[in-house]
K.L.:
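Below is one structure. I have some questions about it.
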Amino acid sequence: FCFRPETPTKFSLFPRSPPTRRARMDTLEEPTKSPNPYCLWFSENRERLTRESGSGGAGGVGKLAGQKWRLMSDAAKKPYQTKTADLSKEYAQKMADFVAAGGV
């Protein structure tokens, strides 16, 4: 048998401990890294590449995307590279704020 008082008590035999580091970390959300230029380009052109490849399979679409990316000129890749640089700066700032707030 377990002893249970008939009236509830105001105190606990096991008081709550202060929040642990893990509990604090659960409230913080770590920023995600910025995608590379290829990933930005691929996400914008995925539907068109899927139609061109003729199959919805990831292998065929990825192979076609890789071939097209390698054939693109540096001038065509430049917008994606600058966007990635901007996103990387944002990520660095968000990560610094995250670490200052107690993140890893």
Side-chain angles (χ1 to χ4, degrees):
F1 293 100
C2 181
F3 173 76
R4 297 186 85 176
E6 293 184 19
T7 57
T9 58
K10 289 188 176 183
F11 66 93
S12 171
L13 294 175
F14 305 104
R16 277 190 183 211
S17 60
T20 61
R21 186 170 194 283
R22 182 182 274 294
R24 286 192 315 267
M25 289 301 295
D26 288 343
T27 60
L28 294 175
E29 187 171 329
E30 186 172 355
T32 57
K33 285 190 174 185
S34 59
N36 62 26
Y38 170 76
C39 288
L40 288 174
W41 173 81
F42 186 70
S43 64
E44 288 180 7
N45 296 293
R46 182 183 302 268
E47 291 178 20
R48 182 177 56 84
L49 292 168
T50 303
R51 283 193 306 262
E52 284 182 30
S53 71
S55 69
V61 175
K63 192 173 197 176
L64 179 66
Q67 290 170 353
K68 287 193 175 280
W69 178 257
R70 281 190 294 276
L71 293 176
M72 284 177 64
S73 66
D74 289 339
K77 292 179 184 180
K78 186 73 175 167
Y80 302 104
Q81 293 167 345
T82 56
K83 191 171 182 179
T84 297
D86 294 340
L87 290 173
S88 294
K89 289 177 187 174
E90 286 179 30
Y91 169 75
Q93 180 60 43
K94 287 179 183 179
M95 193 62 176
D97 295 341
F98 175 74
V99 170
V104 175

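Note that this is a predicted model, so its numbers are computed, not measured. The analysis underlying the following values was restricted to heavy atoms, covering all of them including side chains, and did not include hydrogens, waters or symmetry mates.
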K.L.:
Ignoring hydrogens and angles, write down the donor-acceptor pairs under 3.5 Å from the side chains of residues 57-68, residues two or more places apart or on other chains.
P.N.:
| unit_1 | atom_1 | unit_2 | atom_2 | d |
| --- | --- | --- | --- | --- |
| Lys68 | NZ | Glu52 | OE1 | 3.2 |

K.L.:
Does Lys78 have more than 12 heavy atoms from other residues, nucleotides or ligands lying within 6.0 Å of its NZ?
P.N.:
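Count not over threshold, so no.
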K.L.:
side-chain hydrogen bond (donor to acceptor under 3.5 Å, both in side chains): which pairs involve residues 84-94, sequence neighbours left out?
P.N.:
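Counting only pairs at least two positions apart or across chains, the side-chain hydrogen bond (donor to acceptor under 3.5 Å, both in side chains) contacts touching residues 84-94 are Ser34-Ser88, Gln93-Asp97.
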K.L.:
Tell me, please, which residues at least two apart from Ser73 pass side chain to side chain contact (heavy atoms under 4.5 Å, CB included).
P.N.:
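So Ser73 forms a side chain to side chain contact (heavy atoms under 4.5 Å, CB included) with Ala75, Ala76.
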K.L.:
Which residue pairs pass the ring-ring contact (aromatic ring centres under 6.0 Å, His included) test when at least one of the two sits in residues 50-73, sequence neighbours left out?
P.N.:
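Those involving residues 50-73 are Tyr38-Trp69, Trp41-Trp69.
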K.L.:
Sequence neighbours left out, what passes side chain to side chain contact (heavy atoms under 4.5 Å, CB included) with Ala92? Give chain and number order.
P.N.:
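Ala92: no side chain to side chain contact (heavy atoms under 4.5 Å, CB included) contacts found.
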